[in-house]
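Along the sequence shown, the residues carry numbers beginning at 1. Whatever order the structure lists ligands and atoms in, that order sets their numbers, starting from 1.
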Amino acid sequence: MKILIKNGHVIDPSQKIDNICDVLIEDGKIKEIRSKKSRVKSKDTNPLLKTFTKGGGGRIIDAKGLIVMPGLVDMHVHLREPGFEYKETIKTGTGAAIKGGFTSVCCMPNTNPINDNSSVTEFIIRKAIQEGSCSVYPIGAVTKGQKGEELSELTMMYETGCIAFSDDGRPVMNSMMMRRALEYSKIFNAPVISHCEDLTLSSEGVMNEGLLSVTLGLKGIPAQAEEIMVARDVALAELTNGRLHIAHVSTKGSVEIIRIAKKRGLTNITSETCPHYFSITEEAVRLYDTNAKVNPPLRRKEDVEAIKEGLADGTIDVIATDHAPHHMDEKLLEFDLTPSGISGLETAIGLSIKLVEEGVLTLSQLVGKMSFMPAKIAGIDKGTLKHGSDADVVIIDTKKEYKVEAARFISKGKNTPFNGWVLRGMPVMTIRKGRVYEWQ
Ligand SMILES: [Zn+2]
């Protein structure tokens, strides 16, 4: 089966491509990319078209006026299966991913049972092959039961298919345990992804600590609860030379700590943020909107500005969603009791493209942070349109406006503070290993 995507603006940071090209897909793989320039050189009006018609059959997609990029890679999602199928399943979560333009996702281990051994890893991989729409790469728990007391069987899980390790949802509070994890994971060069939160300081907090939390009578979490752990983990990464990836950076102080670490030459440290940390502030919880309750919490305007600066100067390498679907009934609880999280897969690209409109990132930089970079950190052969790679492609209309309608999400999680927002940058087509999913 052949697919020819014609006249699209192809952006592939892995090959530094940023111009009008044709992309030929054959048998689920990228066969060739030909730019208009080389077309002129070869004095051939459309050589790819010729190759295409020669073989017969297939499909031609006219992508004129549209952006064609590698399928997006989300290195931080919660698929909830096994154990919390009422919130999300591998089927619905990967369906939401495809709708959002993601062809690969890395799923966090805080399921039930927790993915802290190779039988759970195997279950996820098998289920994803049977029912998943996109590629799924499991992340194993650092410690057994995510309790922070004993390391999981990292080697077995790695050999079964885990691409990274994290106790996400919780930090690894014990510094010796974190040191051991960073040392151990060096054997297979896998990153340890840190959910940076000092639990003794964040305590029972439910939102950012400051004037607003006092006004609302809600218990606050100071920025320092995150920053202390970022600083500790940077120190441990330096001690061990292990690979540290800092999840969901939300504060100005964290950005500064990571920036200094990188300036000092610590190339073993990478970091990510999520669309909600650069799109909205703590003001979103003013009306006790439980859909705006996340962990780490939404912060102040100056933090949002610092996150954008961190994205622009490369301190923050990746945009991940931290897709955290919950059942509607759970989000109907009062603010203190409702679980944290935003269903993020289906709004990520629209919110992130605003960074290009604002001049924070070029489109190519943005695509890199949502495809090539996360793939590189996770050590997976994705996020690229290079010859021979899986035909994972997303075609985006950056001009078409659409209204976010949570009720129509493919994800079971309708929990989003962006419901009703008008966004631009809609995936009109997602292709995964040559299979086409398209929307009006
Ligand atoms: Zn987390």
**OP:** Answer yes or no: is there an ion pair linking R180 with E183, defined by an N-O contact shorter than 4.0 Å?
**Re:**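 Between E183 and R180 there is a salt bridge, with a charged N closer than 4.0 Å to a carboxylate O.
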**OP:** Answer yes when R286 and E283 have at least one side-chain N-carboxylate O distance shorter than 4.0 Å, and no when they do not.
**Re:**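 Answer for the salt bridge query: yes.
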Original post:
By atom name, which N, O or S atom of H195 is the nearest to the Zn ion (ligand 1)?
Top reply: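 The nearest such atom is ND1.
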Subject >> Which N, O or S atom of D168 lies nearest to the Zn ion (ligand 1), by name >> reply: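 Distance check against the Zn ion (ligand 1) picks out OD1 in D168.
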Original post:
Within D322, is some N, O or S atom less than 2.8 Å away from the Zn ion (ligand 1)?
Top reply: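 It does not; every qualifying atom lies at 2.8 Å or beyond.
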Original post:
Does H248 bring an N, O or S atom to within less than 2.8 Å of the Zn ion (ligand 1)?
Top reply: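 Yes, since at least one N, O or S atom of H248 sits under 2.8 Å from the Zn ion (ligand 1).
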Original post:
Hey, mind stepping through H248 and H76 against ring pair (Phe, Tyr, Trp, His ring centres under 6.0 Å) and telling me if it holds?
Top reply: CA-CA 9 Å; H248 42 54; H76 191 150; 5.3 Å; yes
**OP:** Please confirm whether the backbone N or O of D12 pairs with a side-chain atom of D18, one donor and one acceptor, at under 3.5 Å?
**Re:**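 Judged by distance alone, no pair lies under 3.5 Å.
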